[in-house]
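Below is one structure; the comments refer to it alone.
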Amino acid sequence: MSEEGEMLPISVRAAAGAPYLASLNAGQRAAVEALDGPVLVLAGAGTGKTRVLTTRLAHLLTTGKAKPWSVLAVTFTNKAAREMRERVEKLLGPGGGGLPWLGTFHSISARMLRTHAELVGLKNNFTILDTDDQVRLLKQIIDAEGVDEKRWPGRQLAGVIDGWKNRALTPEKVPKNEGFSFADGGGAKLYAIYQARLKILNACDFGDLLMHMIDIFQRYPDVLENYHKKLSHLMVDEYQDTNVAQYLWLRLLAQARKNLCVVGDDDQSIYGWRGAEVDNILRFEHDFPGAEVVRLEQNYRSTGHILAAASHLIANNRGRLGKTLFTDDDLGHRVKVRGVWDGEAEARLIADDIEGWRQSNRSYADCAVLVRAAWQMRAFEERFLMLRIPYKVIGGPRFFERAEVRDVHAYLRLIRSEDDDLAFERIVNQPKRGIGEGTVQKLHAYAGKPLVRFVTDNGPLFDQDTGEVVTEQPEPPGGATRFRTLIGAAREMVVTDDLPLKARTALRAFLADLDRWREQARTISHVELAEIVLDESGYTEMLRRDKSPQAQTRLENLKELVQSMGQYDTLEAYLEHVALVLDIENETDSENVQLSTLHAAKGLEFPLVFLPGWEEEVFPSKRSIDESGEKGLEEERRLAYVGITRARESARISFVANRQIYGRWQVVLPSRFIDELPSANVDAVSETGYGMQPPGVRDMAVEPFTSSYQSPGWRRAQERGAFQGKPPMIEGEARLVARSGGDDSSYKRGDRIFHQKFGYGRVSDVEGNKLTVQFEKAGEKRVIDSFVIPASAA
DNA sequence: CTATAATATCTCATT
DNA sequence: GATATTATAG
C-alpha cells in the first residue's frame with residue numbers, strides 16, 4: 001500500500017456493498033477495488049483472472065470513476081474481448097453506449113490510425129495486409145534488389161521485419177549488426193524499401209498499426225494529449241504477452257494519468273517467439289513506481305494432484321516472480337502418464353478413454369486433446385472420424401486465410417480502390433482468363449518498374465528505363481519512383497499493341513468487368529456485389545467444374561463468406577473486420593471433443609485434458625531450444641504448465657516410443673518434463689506393458705518412474721530390441737504381429753506378401769527379421785517381417 | 001498460356 | 001508426407 005491511511009473516495013464506499021463484490025475472495029477484491037494508480041495483478045492459472053478484470057471494469061463504471069467511453073481495455077484476441085464485453089454487460093446490463101475502447105491492441109490501434117492516417121502519409125482507407133500479401137510484396141522487393149530469393153526467402157524476411165516491429169524498431173533504428181541477419185547486411189535496407197512501398201500502396205501490416213501510432217504519439221503531443229483527456233483508465237489482459245511495441249504504446253497512453261491496471265501471469269508467458277517480453281511484467285513495479293501489486297493464488301479450477309504436479313513442474317524455471325497456488329478442492333485423481341508404441345496407438349488410447357468417459361454419461365465437450373504443434377492433430381482426427389467421435393478443432397485452419405476467401409477479398413478490395421496492386425495481381429488470372437505471367441510482367445514494366453527505388457539526395461523522379469525526367473519536384477522523404485498502378489498501366493496498354501491480341505482482349509474484358517462492378521457497387525449492397533462478382537467473374541463456375549474433393553468445401557466456404565458479410569453494414573466495415581478478426585464464430589460447442597494446440601488453449605478449461613506427444617524434440621520442441629536455448633526451454637515448460645492447468649478433474653499425459661517425423665520413423669525419448677513431475681502426484685501407467693522408456697536417460701538423478709519402467713514388459717521389450725523397429729503386441733494389431741515368432745523370419749525370397757500401408761509386394765531379400773520387398777505401388781522398401789502377412793492371408 | 005510432372009522445402013505456435 | 005514452386009510438354 002502506497003499511501004497509508006488514505007480515505008476511500010465516497011463513491012467507492014457507496015459501491016462497497018455492490019452485490020458483485022460479495023462473491024470475491026480477499027485478493028480478488030483488493031484487485032477490483034484498486035481503481036487508481038498503477039496496479040499489477042499477478043493471477044495464477046485458474047485464480048479467476050477474467051472475473052477480476054470484468055468485475056473491476058464494472059466497478060469502475062458503477063463508482064462513477066470512469067465512463068464507458070473513457071476506459072481503454074485491451075486484450076490479445078478478439079475472443080477475449082468479446083467475452084469481457086459480455087461479462088461486463090451481464091454484471092451491469094447492456095446499454096450505456098457500450099465500451100468503445102474495449103478490443104485487441106490491433107483493432108484499437110487500427111481505429112486510432114484511421115483518424116490520424118495522414119500524419120504518417122497514409123489515406124484513412126488504408127488496407128491492412130495479412131501475412132500472405134506481406135510475403136508476396138517482400139518477394140518482389142527482394143527480386144528487384146537483386147538479392148537471391150532462393151537463399152533469402154520472403155517468408156524469412158517477413159519474420160525478421162516482424163521481429164523488428166515487435167521491438168518498435170524503424171528501419172533507421174535497426175542495430176547495425178542485426179541488419180546482417182538477412183541478405184548479408186541488406187536486411188535493414190530491404191525493410192526501408194518495404195516501408196516506402198507500403199506507403200505507396202496505402203497499406204500497412206499488423207506491426208505498423210502499433211508502430212504508426214507510437215510514431216504519431218511521439219511526434220504529435222497534441223494528439224496524445226487528446227487521448228490522455230479522453231481515456232481515464234487503462235486495463236490490460238495477459239500482460240505477460242505484451243511485446244516492446246505494445247509496451248511503448250501503453251506507456252505513452254498511460255503516462256499522464258497512470259491509471260493502468262495490468263493482469264497477467266509470468267508463468268503463462270508462451271509467446272516469446274512473437275516478441276512477447278516477460279520482462280514487461282517482471283519490470284512493471286520498476287516502470288510504474290508505487291504500483292500496487294496483488295497476487296491471486298487461490299485456484300478454483302483444478303484438483304489438488306493436478307495443481308501440485310503443475311506447480312512442481314514450473315518450479316524448475318528460474319526468473320519467476322513466484323507464486324504459490326493452492327486449492328481447497330480435493331486431491332482428486334493423480335496425473336496419469338502413459339507410454340505407448342507409436343502415434344497411432346496413442347490416438348487409439350485417447351479415443352478409447354474418451355469413449356469410456358462418454359459411456360459414464362459425461363459429455364464429449366468435457367474432453368480436450370491439447371497438442372504442441374498442429375501437425376499432431378491429424379492422428380487424432382483420423383481416429384475420431386473412424387470412431388465417429390464428434391470433434392472440433394480450436395483455431396484450426398483460419399477461415400479468412402483460405403485461398404478462395406482471400407480471392408474474393410481481393411476482388412472486393414480492387415473494386416473499392418484501383419490502387420490495390422496486390423489484389424490486382426492476385427486475381428487478374430483467377431479464374432484463368434488468359435492473362436498469364438508474361439502479361440503481368442509487361443504491366444509491371446509499363447507501370448514504371450516493379451519496385452520502388454530511392455532517388456538519392458532528393459533528386460527528381462525519373463523513368464528508370466529511359467532516364468526521362470518525370471517531375472522536377474524533389475521527392476518526398478522515403479518517396480518512390482512509381483507512377484502508375486497496375487490497373488492504370490493496363491488501361492493504357494490495352495489500346496497499344498504491346499500485348500498479344502489474346503491477352504489484350506482478355507485484359508480489356510477484365511477491366512470492363514471491374515468498371516461495371518464498381519459502378520454497381522454504388523447502388524447495391526456489398527453482399528449482392530459479392531454474389532455478382534462471384535458469378536460474373538466465373539469464379540463459382542471454375543470451382544463447380546473442378547472435380548477435386550476440395551472444390552466442394554471451397555464453394556461452401558464462399559457461401560458462408562457471403563453470409564457472414566451480411567452482418568456488417570458496409571464493405572469497409574466488413575473488410576476491416578476481416579483483416580483483424582481472425583477467429584471464426586464457433587458453432588455451438590455442444591457435443592464436441594476439443595482438439596487444440598496448447599497455445600490456443602490458454603484461458604480455457606476442461607474437466608478431462610489429454611496431453612499427448614510429450615517426447616523430446618517434440619515437446620520441448622527442438623526448434624525452440626535450437627533458437628532460444630535455455631530461454632526457449634523455459635518457455636516450453638511454461639507451455640507444459642499451461643497444458644496441465646487446463647484440467648479440472650483429470651490430466652492424462654502420454655508419450656510414444658516411435659514417431660514419424662518428416663515422414664521418417666524415428667525412435668524418440670520421453671520428454672524431460674515427465675521426469676520433472678513429482679512422483680507423489682503422478683500415476684505412471686503402462687497399459688500395453690511396452691513402449692515405456694527407462695528413466696534418467698539424460699539425468700540419472702531423477703527417477704520418479706523407476707518401478708513402472710522396470711516392469712517385465714518393458715524389460716522384455718528392451719531385450720528383444722523393440723526399439724529397433726519391432727512393434728509390441730497390441731490389441732488390434734495382434735493379427736499382424738502374431739506371425740513373427742522368433743528372430744528367424746518365416747519369409748523367404750519370392751514370397752508374395754501384404755503390408756497394411758504399402759500394399760502387395762514380393763520379397764527380394766531376407767536378412768534376419770528384415771525383409772527387402774518390391775512393393776507393387778510403393779517400390780522397394782525394407783520392412784520388419786512382423787509388419788507383413790502372406791498375401792494369401794490378406 | 002495452361003496443364004501436368006517433378007522437385008524442393010519444410011513445417012511451432014499469431015495479431 | 002504434403003504443399004509450393006519450377007520444369008517440361010502440349
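Here the structure is a predicted model, which means the values were calculated and not measured. Below, read A as the first sequence line, B as the second, and so on, with proteins coming before strands; counting in each chain starts at 1.
- Protein atom CZ of Arg623(A) is 6 Å distant from nucleotide atom C1' of dC12(B), rounded to whole Å.
- What separates CE of Met542(A) from P of dA3(B) is a distance of 11 Å, to the nearest Å.
- Atom CD of Glu238(A) and atom C1' of dT15(B) are 14 Å apart (whole Å).
- At whole-Å resolution of the value, NZ in Lys139(A) and C1' in dT5(C) are 8 Å apart.
- Gln430(A) places its CD atom 11 Å from the P atom of dA3(B), with the value rounded to the nearest Å.
- Note: NE2 (His599(A)) to P (dT15(B)) measures 12 Å, nearest angstrom.
- The shortest distance between the side-chain N/O atoms of Thr439(A) and the OP1/OP2 oxygens of dC1(B) is below 4.0 Å.
- Using cut-offs of 30° and 60° on the angle between ring planes, the pair Phe619(A) and Phe673(A) is perpendicular.
- Listed nucleotides dC1(B), dA13(B), dT2(B) differ in distance to Ala374(A); the shortest reach to its side chain belongs to dA13(B).
- For Ile270(A) and Pro153(A), each mapped to the nucleotide of DNA chain B holding its nearest heavy atom, the one lying further toward the 5' end belongs to Pro153(A).
- In the set dT2(B), dT15(B), dC12(B), the nucleotide with an atom closest to the side chain of Asn429(A) is dT2(B).
- Taking atom C1' in both dC12(B) and dT5(C), one finds a spacing of 23 Å when rounded to whole Å.
- If you check every strand for non-hydrogen atoms under 4.0 Å, Arg378(A) touches sugar and phosphate atoms only.
- The residue Phe105(A) sits apart from the nucleic acid: no heavy atom pair falls under 4.0 Å.
- At dT15(B), none of the side-chain N or O atoms of Asn243(A) fall inside 4.0 Å of OP1 or OP2 (strictly under the cut-off).
- Proximity of the aromatic rings of Phe105(A) and Phe76(A) is defined here by a centroid distance below 6.0 angstrom, and this criterion is met.
- Atom CZ in Arg274(A) sits roughly 6 Å away from atom P in dT15(B) (whole-Å rounding).
- Here Trp273(A) lies parallel enough and close enough to stack on the base of dA13(B), with planes under 30° and ring centres under 5.5 Å apart.
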### Message
Applying salt bridge (charged side-chain N to carboxylate O under 4.0 Å, His left out) to Arg637(A) and Glu676(A), what does each step give before you reach the verdict?
### Response
CA-CA 10 Å; Arg637(A) 194 175 280 118; Glu676(A) 292 173 4; 2.8 Å; yes

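- Of all nucleotides listed (dT15(B), dT2(B), dA2(C)), dT2(B) comes nearest to the side chain of Lys432(A).
- Considering only the side chain of Arg372(A), dA13(B) comes nearest among dA13(B), dG1(C), dC1(B).
- As rounded to whole Å, 11 Å separates atom P of dA13(B) from atom CG of Leu598(A).
- Of the two residues contacting DNA chain B, namely Gly438(A) and Glu635(A), the nearest-nucleotide position lying further toward the 5' end is that of Gly438(A).
- Between the CE atom in Met112(A) and the CZ atom in Phe217(A) there is a gap of 4.5 Å [rounded to 0.5 Å].
- Note: Phe510(A) and Phe424(A) have tilted aromatic rings, judged against thresholds of 30 and 60 degrees for the angle between ring planes.
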